[in-house]
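Take a look at the structure below.
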Amino acid sequence: MGQAIGEALQFAFMRHALLAGLLVSVACGIIGAYVVINRIVFISGGIAHAAYGGIGLGYLLGFNPVLGAIAFSLVAALGMGTVQRKTKERSDTLIGVMWAMGMALGIVFIDLSAGYKADLMSYLFGSILTVPTSDILIMVGLDAVILLLVVLFYRELLAVSFDETFATVTNVPVNAIYLLLVTMIAFTVVMLMRVVGLIMVIAMLTIPAAISGQFIRDLKWMMAGAVILGMCFTTVGLWLSYSWNLTSGATIILVAGTAYLLSLAVKAGLMRKQRS
Amino acid sequence: MMGRQTNLTPRPVIEVAHLWAGYGNEAVLEDINLTVYERDFIGLMGPNGGGKTTLLKVLLGLLPSTRGSVRVMGQPVATGRKHIGYVPQQVEFDRNFPVSVWEVTRMGRLGRRGLLHRYTAEDNAIVERVLRQVEMLELRKRPIGALSGGQRQRVYIARALATAPEILLLDEPTASVDPQVSNSIYDLLQELNAHITILMISHDVGAISTYVKTVGCLNRRLFYHHEKNLPPAALEQAYQCPVELIAHGIPHRVFPVHEGARER
């Protein structure tokens with residue numbers, strides 16, 4: 001096995017893939033923890049799918065689709081975040097509509113654009129094996145920005161996540177903090193798009209944090225646990241996909257999903273042991 | 001008990017005048033007038049949907065009033081609410097939430113400093129003091145989800161106290177705890193009342209009759225006369241407070257015996 005890994009790592013694309021997996025795991029674990037404790041998995045899914053509209057626009061107007069995805073996911077994040085905060089009823093319906101419209105816009109934009117669209121699938125299902133050096137650098141930058149923001153606003157993010165009403169009453173700028181959070185989710189979604197694809201972003205955003213949160217009752221350590229788990233899942237998934245010749249994004253998700261189901265069983269076992 | 005408030009210099013901490021509020025076009029509160037004086041301990045009752053929680057929301061600046069004025073410590077609610085320590089009603093919450101007793105209590109200090117400021121040694125000293133006050137200091141490292149309902153309520157009171165409030169505002173503080181635990185929480189509130197004005201919403205008539213200083217009844221309109229005894233006839237007619245039910249068999253009566261109530 002060790003030999004196989006050594007052999008795989010001789011290829012530059014495998015080193016890049018491994019590095020990309022490790023880098024997204026950092027953002028995933030940290031932001032995923034907030035997604036899980038705030039129960040905004042649905043918004044995160046919406047942001048991811050709406051990003052597809054930006055990819056379509058990139059194809060249509062001939063600029064880098066990743067930039068379009070960044071712009072669309074940011075707009076979607078702020079729009080959905082505002083809807084969630086301001087409308088008392090049916091915010092999930094509105095978010096669902098924005099989710100679908102973003103995706104549909106992407107498809108129509110691509111219909112309208114001319115030429116061959118070979119790597120379109122890579123945005124939907126991920127293409128960790130073709131991550132260029134420039135994307136690695138973007139990932140390093142986004143990780144750094146997310147880390148810095150979370151360190152600076154850790155107290156406020158925790159207070160708003162735990163009890164929004166109390167935070168409001170004590171004059172914490174709840175709206176600004178919430179929009180900061182959805183913005184960071186948008187950045188994370190764009191990074192993840194490269195690795196597992198838009199469709200499976202939710203899984204990588206939630207599974208490591210969900211497993212970690214079952215066993216750790218401190219947010220900082222929950223994040224740390226989620227980062228480490230994410231790194232394990234991407235690395236193991238990557239290795240399995242290399243040796244069995246499978247789609248890397250899907251393999252990573254299956255590894256993570258299996259681990260999650262196992263963790264539920266372990267948790268149930270622990271609970272039973274505690275009771276007896 | 002009755003004469004106590006006249007011994008105090010009556011400094012008003014909350015002044016509500018001709019307040020109307022509601023949701024959409026529907027008024028839930030009609031022409032509310034309420035002056036809360038320093039060191040009072042008010043128990044506010046009323047039927048469900050009578051506007052108790054709506055009144056709290058207006059006092060906390062969470063819901064705008066449609067008419068009338070609200071002042072807290074002589075200021076509009078947006079700034080005055082920093083003098084209010086809010087203890088929310090216990091609702092369903094995520095038992096897995098990764099936060100400790102200490103961290104929750106310290107959230108009471110967050111609004112006291114601007115963004116980007118770390119908690120200071122003073123903050124930590126205050127958090128330690130209020131946790132000791134509510135007898136939860138030993139459990140400070142516990143995750144909040146591992147506490148019992150009564151313990152959690154004490155932590156929420158500590159969090160409110162950490163804001164260094166002039167007024168404590170409590171929404172059904174014993175809604176989800178058993179009677180013995182309730183009493184210990186009311187004892188704590190009574191102790192705190194030596195320094196802090198308390199306004200409490202409660203269905204718990206036993207507690208209202210035993211622990212509070214004055215009683216109000218809210219059903220769209222507020223009936224409150226800075227007294228502990230409420231005339232039942234007026235209450236029944238105008239406020240539909242269930243007088244017979246609540247005054248029955250309680251050692252310290254809130255209400256004088258209601259003539260005719262038993263015949264019905």
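In what follows, every chain begins at residue 1, and chains take the letters A, B, ... in the order their sequences are listed. Bear in mind that the values here come from a model prediction, so they are computed numbers and not experimental data.
Both the backbone and the side chain of B:L116 come within less than 4.5 Å of a heavy atom of chain A. Heavy-atom distances place the backbone of B:A78, and not its side chain, under 4.5 Å from chain A. With a 4.5 Å cut-off on non-hydrogen atoms, B:V87 does not touch chain A at all.
Using cut-offs of 30° and 60° on the angle between ring planes, the pair B:F97 and A:F162 is perpendicular.
The candidate with the highest count of non-hydrogen atom pairs below 4.5 Å against chain A, out of B:V77, B:I144, B:D94, is B:D94. Among A:I177, A:L158, A:T165, A:I216, the residue with the largest count of heavy-atom pairs under 4.5 Å with chain B is A:L158. Options B:P143, B:G111, B:S100, B:P98 differ in how many heavy-atom pairs under 4.5 Å they form with chain A, and the most are formed by B:P98.
Looking at heavy atoms from C-beta onward, B:R81 lies in side-chain contact with A:N171 at the 4.5 angstrom threshold. When side chains are defined from C-beta on, B:T163 counts as touching A:T170, because their heavy atoms get closer than 4.5 Å.
For B:R159 and A:F166, the positive end sits near the middle of the six-membered ring, less than 6.0 Å away and at most 45° from its axis.
Interatomic distance, CE of B:M107 versus CG of A:D163, reported as 8.0 Å (0.5 Å rounding). Residue B:N96 holds its CG atom at 9.0 Å from CE of A:M222, rounded to the nearest 0.5 Å. To the nearest 0.5 angstrom, B:K141 atom NZ is 12.0 Å from A:D218 atom CG.
Of residues 117-130 of chain B, those residues with a non-hydrogen atom less than 4.5 Å from any non-hydrogen atom of chain A are, in numerical order, B:H117, B:R118, B:Y119.
Within the 3.5 Å criterion, the main-chain N or O of B:R142 finds no donor-acceptor partner in the side chain of A:R217.
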